[in-house]
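When a ligand or atom number is given, it counts from 1 through the structure's own listing order. Just so we're clear, the structure is a prediction, and the values are computed from it rather than from any experiment.
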Amino acid sequence: MLERMNHTMHEETRQGEAYAPFVNDPSAYNKKFYIESYGCAMNFADSEIVASILNENGFGATRNFEEADLILINTCSIREKAEQTVRKRLTELRKVKKHNSGALIGVLGCMAERLKGKLLEEEKLVDMVVGPDAYRSLPDLITEAGTGQKAVNVLLSRDETYADISPVRLDSNGVAGFVSIMRGCNNMCSFCVVPFTRGRERSRDPHSIIRECTDLFNSGYREVTLLGQNVDSYYWVSENLNSTQINGVSANSPSTGGGRGEAVTFANLLEMVAMIDPLLRVRFSTSHPKDITDDVLFTMAKYENICKYIHLPVQSGSTRVLQLMNRTYTREWYMAKVDRIMEIMPDCGISSDIIAGFCTETEEDHQDTLSIMQHSKYDMSYMFFYSERPGTLAARRYQDDIPEAIKKRRLDEIVKLQNALSRESNLKDLGKTFKVLIEGNSKRSDQDWMGRSSQNKVIVFPKEQYQLNKGQYVMVKVHDCTGATLIGKIEP
Ligand code: 5AD
Ligand code: SF4
């Protein structure tokens, strides 16, 4: 899975911050909606699709929920804590409804899918419940809820990709945008609720992906992140063989060795996006170690504008635990994959997701996790302790038998090690010069720019006398680092 924010370190920071959209021209719309998103980047991208559907139906965005006719919360179910956060927020918003009795409150996303009508009937927290594949029905549901009917649509689809909907960018910096390339997940990792809340995997038509990325580039964006639960299994089969020629790349391009040319693989897609313009950076998330191919790695190496950074969740370093997790690779297989990445792209950054205290995990298993982290030299990791999710394979088959204190202690050790690895990785960057895409002012000062290296590290540097703007590239020499940030100076 994927995260919108490049937070490091801890469970609490994993959930994306709630956010409210910018106010678009209010006179163009006769009603207002307010939306907050939680969880992964996919949810933030989905909210932009929802915004588009609502705009088409006369709703303009507002940042102020007190004046909204419609309040939406796009929710996450990945861990219990994520759901608790949303419940608390819904209870707060419920109070607003007392003052503004006409306002409708809707819950979207994974919690809607998991809990279905329960939020509406038993808990009476909301007026509408809309699952991730049902956003097209929002206008009808709003009408139903407006007349006091129960408005629920949690049908999952086998083919919905919202391919034809142009997302309305919410709260964007105008430089880096997210583009959803597929939905759902077929992997069935035993701890994970996503296959149940987001349904079967399906890939989006590459033409619409290229169109969306090109539109972003033409409106000033300089970076796209291709999003999917498991991007490496992106696979699209054309109905019309000729139509897979996009951007000069055909599906049977020799670099992929891809059969008779009827299919577009992730490597093909990456190449097509990279060819839109050398000034457009391409990122992607998330990769499953079992599916990332040499084709993808060679395509990354071939194009300077494909960022040298891979989020490659390991989850555990113990083969026995990996098997219980249904990850389908062993410790050795994962380590060989990391070695292969470094062989093909010696400057590639790698990050991970790690779960502490999965069912039956022993001290030895935990040590295996620590040592695989050392081997992989992660620049950054998202780290969690295991949270049992109802309905998952693990909840049905195994006992959540590691006491909380032990889970926390192990997580603590993982976090400490990651801090040390991140620091080591940053120290290695001192004295090096990186090509940085400027994203905007640094958080601390408008005298400083903030941007990222290809390896996805945040670099802050003084603007000095140079007349630069966000969206431009600049060479920056790193001379210092603090926590997760590199500090540099423009290289004239
Ligand atoms: N408990 C803890 N962490 C989980 N993740 C997914 N499900 C769970 C769970 N039940 C983590 C995995 C995944 C990331 C998005 O969230 O590490 O890669
Ligand atoms: Fe969940 Fe595994 Fe699919 Fe990721 S790959 S969404 S962890 S089932």
Side-chain angles (χ1 to χ4, degrees), residues 1-16 38-44 76-84 109-111 113-114 132 180 182-202 227-234 266 284-292 310-317 321-329 334 351-359 361 369 372-373 378 380-400 402 404 407-408 410-411 414-415 418:
M1 281 219 353
L2 19 109
E3 290 304 304
R4 175 185 165 92
M5 319 250 165
N6 191 22
H7 287 314
T8 45
M9 310 315 155
H10 212 261
E11 166 92 342
E12 280 63 38
T13 60
R14 178 70 191 227
Q15 309 310 324
Y38 293 82
C40 68
M42 202 76 177
N43 259 6
F44 285 76
C76 173
S77 287
I78 197 93
R79 283 167 292 275
E80 197 182 345
K81 188 161 176 299
E83 290 200 355
Q84 282 165 359
C110 288
M111 249 176 109
E113 192 62 49
R114 199 178 81 74
S180 160
M182 60 200 297
R183 301 181 71 81
C185 184
N186 284 357
N187 277 328
M188 289 287 171
C189 299
S190 64
F191 51 79
C192 188
V193 77
V194 168
F196 304 94
T197 59
R198 286 188 164 269
R200 305 293 290 168
E201 180 183 294
R202 63 223 100 118
L227 293 180
Q229 248 69 42
N230 180 10
V231 288
D232 303 284
S233 64
Y234 177 88
F266 182 58
F284 53 90
S285 190
T286 291
S287 292
H288 194 303
K290 79 173 161 62
D291 293 319
I292 188 163
I310 303 178
H311 185 58
L312 195 72
V314 68
Q315 313 297 0
S316 166
V321 173
L322 286 168
Q323 200 168 10
L324 293 181
M325 287 176 162
N326 199 24
R327 290 290 288 180
T328 73
Y329 52 84
Y334 182 93
S351 60
S352 193
D353 289 350
I354 301 168
I355 299 177
F358 187 66
C359 314
E361 186 187 72
T369 296
I372 211 166
M373 291 172 70
Y378 298 126
M380 195 265 294
S381 290
Y382 299 108
M383 297 156 282
F384 322 97
F385 54 80
Y386 173 59
S387 159
E388 185 177 85
R389 307 311 293 131
T392 54
L393 289 179
R396 282 184 275 143
R397 280 191 204 156
Y398 315 123
Q399 215 188 335
D400 181 11
I402 308 301
E404 199 165 308
K407 282 185 186 172
K408 288 210 160 127
R410 289 181 187 163
L411 180 62
I414 289 171
V415 170
Q418 184 53 57

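- One side chain, Ser351 or His311, offers a donor N or O that lies under 3.5 Å from an acceptor on the other.
- Counting only distance, with no hydrogens or angles, the side chain of Glu201 and the backbone of Met182 share no donor-acceptor pair below 3.5 Å.
- With rounding to the nearest 0.5 Å, the separation of CG in Asn326 from CE in Met188 is 9.0 Å.
- Every atom of ligand 1 is numbered from 1 in the order shown, and the set under 4.0 Å from a heavy atom of Arg389 is 10 (N).
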Where do Ser352 and Tyr378 land on the side chain to side chain contact (heavy atoms under 4.5 Å, CB included) test, with the steps shown first? CA-CA 7 Å; Ser352 193; Tyr378 298 126; 3.4 Å; yes
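- Using 4.0 Å as the threshold, Tyr382 has no heavy atom nearer than that to any atom of ligand 1.
- Closest approach of Ile372 to Gly317, counting heavy atoms only: CG2-CA, 3.8 Å.
- For Val194, every heavy-atom contact with ligand 2 shorter than 4.0 Å involves the side chain, none the backbone.
- Interface of Arg79 with ligand 1, defined as ligand atoms under 4.0 Å from a residue heavy atom, comprises 1 (N), 2 (C), 3 (N), 4 (C), 5 (N), 11 (C), 16 (O).
- Counting the atoms of ligand 2 from 1 in the order shown, those under 4.0 Å from a heavy atom of Arg327 are 2 (Fe).
- We find the CD1-OG distance between Ile78 and Ser387 to be 9.0 Å, quoted to the nearest 0.5 Å.
- Nearest heavy atoms, Cys76 versus Asn43: N-ND2, 4.1 Å.
- Looking at every heavy atom in both residues, Lys407 comes nearest to Gly357 through CE-O, 3.5 Å.
- Residue-level proximity to ligand 1 for Ile355 is carried by the side chain, the only part with a heavy atom below 4.0 angstrom.
- Taking a cut-off of under 4.0 Å to the non-hydrogen atoms of Cys185, the atoms of ligand 2 that pass are 3 (Fe), 5 (S), 6 (S), 8 (S).
- The ligand atoms of ligand 1 that sit less than 4.0 angstrom from a heavy atom of Gln315 are 12 (C), 13 (C), 17 (O), 18 (O).
- Heavy-atom proximity to Pro195, at under 4.0 Å, picks out these atoms of ligand 2: 8 (S).
- Those atoms of ligand 2 that come under 4.0 Å of a heavy atom in Gln229, given as number and element, are 6 (S).
- In this structure, Arg389 forms no cation-pi arrangement with Phe191, as its terminal cationic atom is not both closer than 6.0 Å to the ring centre and no more than 45° off the ring axis.
- On a distance-only criterion, Asp353 and ligand 1 share at least one N/O pair closer than 3.5 Å.
- Proximity annotation for atom 2 (C) of ligand 1: of Phe191, Phe358, Phe385, Phe385 comes nearest, heavy atoms only.
- Taking 2.8 Å as the criterion, Cys192 does not count as a coordinating residue of atom 3 (Fe) of ligand 2, since none of its N, O or S atoms falls below it.
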